[in-house]
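Each remark here refers to the structure printed beneath this line.
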Number of protein chains: 2
Amino acid sequence: MEAMDSDMGPFCPKYHRAVELIGRRWTGAILRALLSGVSRFSALCETVPGLSDRMLAERLKELEAEGIVTRTVLPETPVRVEYALTAKGRDLDSVIGAVSGWAERWEAVEAASKP
Amino acid sequence: MEAMDSDMGPFCPKYHRAVELIGRRWTGAILRALLSGVSRFSALCETVPGLSDRMLAERLKELEAEGIVTRTVLPETPVRVEYALTAKGRDLDSVIGAVSGWAERWEAVEAASKP
DNA sequence: TACAGTAACTTACCCAAAGTAAGTCATCGC
DNA sequence: GCGATGACTTACTTTGGGTAAGTTACTGTA
């Protein structure tokens, strides 16, 4: 008898926390890159145009604190660091997929309305 | 022979534009409120805790410019304004649903890890 | 052994975005 | 005329994001 689905009330704290976290600047792009297999710090930096190493470090730290990514230091030289998604992070593919789908469905409309 | 699905490459400009737009501060909460039927300016303001009228006005203007909401002035007195989602805006329910779903699935884990 | 190079950060500084508070405009009931 | 109301503006302060340079620890070259 419990309603486990999203309640769709006008305001939901859980949803709000989530959308403000993954909606922060650059975070969406970083998550997509991680989902498609990019894992090293420098590779992530090069993947997302306009993203600085300072911001990348800050966002990765946030995501690590939220249990969305793990950080692994490879003791090579020079030292390399790999970032990987946890189960919680991989589960965000549903969100990234939904955004991608929406963006694809409506891109034509956007492009048509601004000549 | 055309791949219409999201390509899931490491970076996608369409996805990026979309996630930076709907991920801006407050926008996710405003969209959810609109989706669940809240339509008047003051009602939106009261629905989202912490949202100021200044920010609400700014976000609604952006969403209107993107063709996601429409603005209708009701010539009553005092004047009332109703905001409604366009088809493009209503289609965001897939995104909001995905975020809500993720947030519900992982809330327990979050709560458990911070005593 | 000094030196340039590399990866992954830090620190320091600056500006644009977000937050707070107050003001505007038209209209109404009193 | 006077205060109240709804939907904003305008003005100002604070915070977060952007740019650039410095740091650490090793390594390969001269």
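Letters go in sequence order (proteins before strands), and every chain restarts at 1. No experiment lies behind these values; they were computed from the predicted model shown.
With a heavy-atom cut-off of 4.0 Å to chain B, the contacted part of DNA chain C has its first and last nucleotide at dA17(C) to dC28(C). Reading DNA chain D from its 5' end, the first and the last nucleotide to sit under 4.0 Å from a heavy atom of chain A are dG16(D) to dT27(D).
Listed by residue number, the members of residues 23-31 of chain A with any heavy atom below 4.0 angstrom from DNA chain D are R24(A), R25(A), W26(A). Using a 4.0 Å cut-off on heavy atoms, the residues of residues 38-51 of chain A that approach DNA chain C are R40(A), F41(A), S42(A), listed by number.
The CG atom of D93(B) lies 12.5 Å from the CG atom of L34(B); values are rounded to the nearest 0.5 Å. Distance check: E66(B) CD to T27(B) OG1 gives 10.5 Å after rounding to the nearest 0.5 Å. Distance check: I22(B) CD1 to L63(B) CG gives 10.0 Å after rounding to the nearest 0.5 Å. Of the inter-residue distances, the one linking L31(B) atom CG with L85(B) atom CG reads 6.5 Å to the nearest 0.5 angstrom. The CD1 atom of I30(B) lies 12.5 Å from the CG atom of L35(B); values are rounded to the nearest 0.5 Å. Atom-to-atom distance recorded for K88(A):NZ and T70(A):OG1 is 13.0 Å, nearest 0.5 angstrom.
For the salt bridge (Lys or Arg N to Asp or Glu O under 4.0 Å) test, residues two or more places apart in sequence or in another chain that qualify with E62(A) are R24(A), R59(A). The side chain to side chain contact (heavy atoms under 4.5 Å, CB included) search around S39(A) returns E82(A), not counting sequence neighbours. Not a single side-chain hydrogen bond (donor to acceptor under 3.5 Å, both in side chains) links D53(A) to another residue, sequence neighbours left out. Applying the side-chain hydrogen bond (donor to acceptor under 3.5 Å, both in side chains) rule to R71(A) yields the partners Y83(A); only residues at least two apart in sequence or on another chain are considered. With sequence neighbours excluded, the residues satisfying salt bridge (Lys or Arg N to Asp or Glu O under 4.0 Å) with E58(B) are R54(B). The side-chain hydrogen bond (donor to acceptor under 3.5 Å, both in side chains) search around S42(B) returns R40(B), not counting sequence neighbours.
For residues 22-59 of chain A, the set of pairs meeting the ring-ring contact (aromatic ring centres under 6.0 Å, His included) definition, not counting sequence neighbours, comprises W26(A)-H16(B).
Of the possible polar contacts, one joining the T86(B) side chain to the I68(B) backbone as a donor-acceptor pair under 3.5 Å is found.
Donor-acceptor pairing under 3.5 Å is recorded for the side chains of R32(B) and S100(B).
Comparing K61(A) and P78(A), the nucleotide of DNA chain C nearest to each residue sits closer to the 5' end for P78(A). Nearest-nucleotide assignment on DNA chain D puts the 5′-proximal partner with D53(B), out of E62(A) and D53(B).
Contacts of E58(A) with the nucleic acid, taken as non-hydrogen atoms under 4.0 Å apart, involve only primed sugar atoms and P, OP1 or OP2.
Between its opening and closing five pairs, the helix from dT1(C)-dA30(D) to dC30(C)-dG1(D) changes axis direction by 20°, a value rounded to 10 degrees.
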